[in-house]
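Both counts, for ligands and for their atoms, begin at 1 and track the order of listing. Throughout, residue positions are numbered sequentially from 1 according to the sequence presented.
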Amino acid sequence: MKMEIVFNKPYQTGQEFQNIQESLTSMCISGNGVFTKKCHAFFEREYGFAKVLLTSSCTDALEMAAILLNIGPGDEVIMPSYTFVSTANAFVLRGAKIVFADSRSDHPGIDEDAIEDLITPRTKAIVPVHYAGAACDMVKIMEIAHRHKIMVVEDAAQAIDSYCLDAEGKPKPLGSWGHLSAFSFHETKNIISGEGGMLVINDVSFIERAEIIWEKGTNRSQFFRGQVDKYGWVDIGSSFLPSDIIAAFLYAQLESINHIQNRRKEIWNLYYRHLLPLQEGGFLKLPSIPNFASNNAHMFYAVCNSLEQRTALISFLKMNGIIAVFHYQSLHRSQFHLSKNDDVYLPHADHYTDCLLRLPMFFELSNEDVHNVASAIKEFFDL
Ligand SMILES: *Cc1c(COP(=O)(O)O)cnc(C)c1O
């Protein structure tokens with residue numbers, strides 16, 4: 001039988017169905033129900049986030065962040081070019097101009113040292129993206145932001161259960177650094193609910209308004225807590241809450257988070273060991289995790305030496321029944337951005353656009369699968 005290794009397979013713990021059934025039996029299946037509150041409590045307890053709100057996606061959470069920061073026409077927002085469109089779209093929707101920074105040479109994350117030169121009097125926010133769940137240097141970024149009095153929104157879509165060392169060398173969870181942060185529970189992430197996301201509010205001055213924006217611009221949350229005697233339209237907002245059925249699914253995943261994370265890390269380490277000879281031979285580069293960052297095993301990628309090599313490797317793996325895929329196309333070179341902005345030169349972002357290759361990475365991937373993927377790559381390089 002021909003081997004077939006898919007790129008991603010969404011994992012279910014087995015508890016999802018039972019939670020959903022419980023939610024259906026309770027008849028309270030709209031947003032902010034029992035399971036939503038359980039998820040909120042989990043995140044606030046486990047990661048020390050000041051306040052969290054589940055959303056229908058990370059995209060939604062980023063859009064809420066842009067509304068909360070009062071981003072408008074004339075404002076500038078700094079972010080890496082090598083990221084998903086939602087990181088930029090959320091701010092473009094409010095009329096902002098996006099100022100793209102390059103990636104680090106050793107990692108696809110934003111080059112922290114490139115940020116300060118891009119700051120102008122119009123800069124409102126910096127949006128670091130923790131690529132593959134490995135932290136950007138948050139000590140450095142928060143220091144820059146503080147000095148220039150600008151806000152930080154972490155795009156922590158891939159960064160669940162990952163950490164950055166603080167100034168004292170203690171691990172501090174990603175998502176707890178920025179004034180606001182956004183997570184994703186899309187089926188391609190470590191912890192999933194099909195579609196799903198979460199806004200984290202670390203700057204407590206944003207909490208009250210965040211709840212209002214979340215509840216369609218009404219003070220409904222305050223009403224249900226008995227803080228106001230009627231609720232009405234008090235601000236702009238939208239329907240950002242997921243159904244409690246989604247939260248029921250998500251809560252099942254959260255109950256197994258350590259189990260899921262441990263296996264993913266095993267798979268990641270196994271890939272690394274198998275592929276190390278290829279890095280040593282100069283055939284490709286393996287992920288380098290900065291010394292201030294942890295590894296949450298969101299993704300296993302390799303960086304090829306050229307676009308041609310990557311294209312040939314993808315076809316070779318496909319012929320062997322293995323699906324490996326490239327990732328972002330730098331946003332500074334996108335048709336949409338170039339239709340409104342000048343071209344800029346961001347060589348590292350372009351290099352990852354051309355050369356980064358993601359290997360199959362999911363909970364149910366067996367050790368044998370990892371071995372087979374690694375063997376196929378070695379065969380491609382005649383090793
Ligand atoms: C997945 C992802 C998003 C979007 O998440 P959704 O939940 O699908 O909206 C945004 N940014 C990054 C970096 C991502 O990886």
Among all protein heavy atoms, pick out the one at the shortest distance from atom 14 (C) of ligand 1; state its residue, atom name and that distance to 0.1 Å. A157 CB, 3.3 Å
State plainly whether one hydrophobic cluster holds both Y301 and F362, where clusters connect Ile, Leu, Val, Met, Phe, Trp and Tyr through side-chain heavy atoms under 4.5 angstrom apart. no
Name the residue from Q15, E22, Q21 that meets the side-chain hydrogen bond (donor to acceptor under 3.5 Å, both in side chains) definition with N19. Q15
Checking S176 against N202: is there a side-chain donor and acceptor pair closer than 3.5 Å? no
So, does H130 sit close enough to ligand 1 that a heavy atom of it is under 4.0 Å from the ligand? no
When the ring planes of Y11 and F363 are compared, do they come out parallel, tilted or perpendicular, using 30° and 60° as the limits? parallel
Please say whether H186 places an N or O atom under 3.5 Å from an N or O atom belonging to ligand 1. no
Does a donor on one side chain and an acceptor on the other come within less than 3.5 Å for H186 and T188? yes
min-distance protein heavy atom vs atom 7 (O) of ligand 1 -> S184 OG, 2.7 Å
Please list the nearest protein heavy atom to atom 2 (C) of ligand 1 with its residue and the distance rounded to 0.1 Å. K189 NZ, 3.0 Å
Output yes when the distance from some N or O of ligand 1 to some N or O of E195 is under 3.5 Å, and no in every other case. no
Atom 9 (O) of ligand 1: the protein heavy-atom neighbour that sits closest, reported with distance to 0.1 Å: T59 OG1, 2.5 Å
What atoms of ligand 1 come within less than 4.0 Å of a heavy atom belonging to V129? 13 (C)
Counting from 1 in the order shown, the ligand 1 atoms closer than 4.0 Å to a non-hydrogen atom of F84 are 3 (C), 4 (C), 10 (C), 11 (N), 12 (C)
Enumerate the atoms of ligand 1 whose separation from the nearest heavy atom of S57 is less than 4.0 angstrom. 7 (O), 9 (O)
Sub-3.5 Å N/O-N/O distance, D155 and ligand 1: yes
Does E211 come within less than 4.0 Å of R225, counting only side-chain N to carboxylate O? yes
Does some non-hydrogen atom of Y82 fall short of 4.0 Å from ligand 1? no
Judging by distance only, is a nitrogen or oxygen of Q158 under 3.5 angstrom from one on ligand 1? yes
What are the atoms of ligand 1, with element, lying closer than 4.0 Å to any heavy atom of G196? 7 (O)
Are the aromatic rings of H348 and Y82 close, with centres under 6.0 Å apart? no
Pair F300 and W268, ring centroids less than 6.0 Å apart: yes
Strictly under 6.0 Å, is that where the ring centroids of Y345 and H332 end up? no
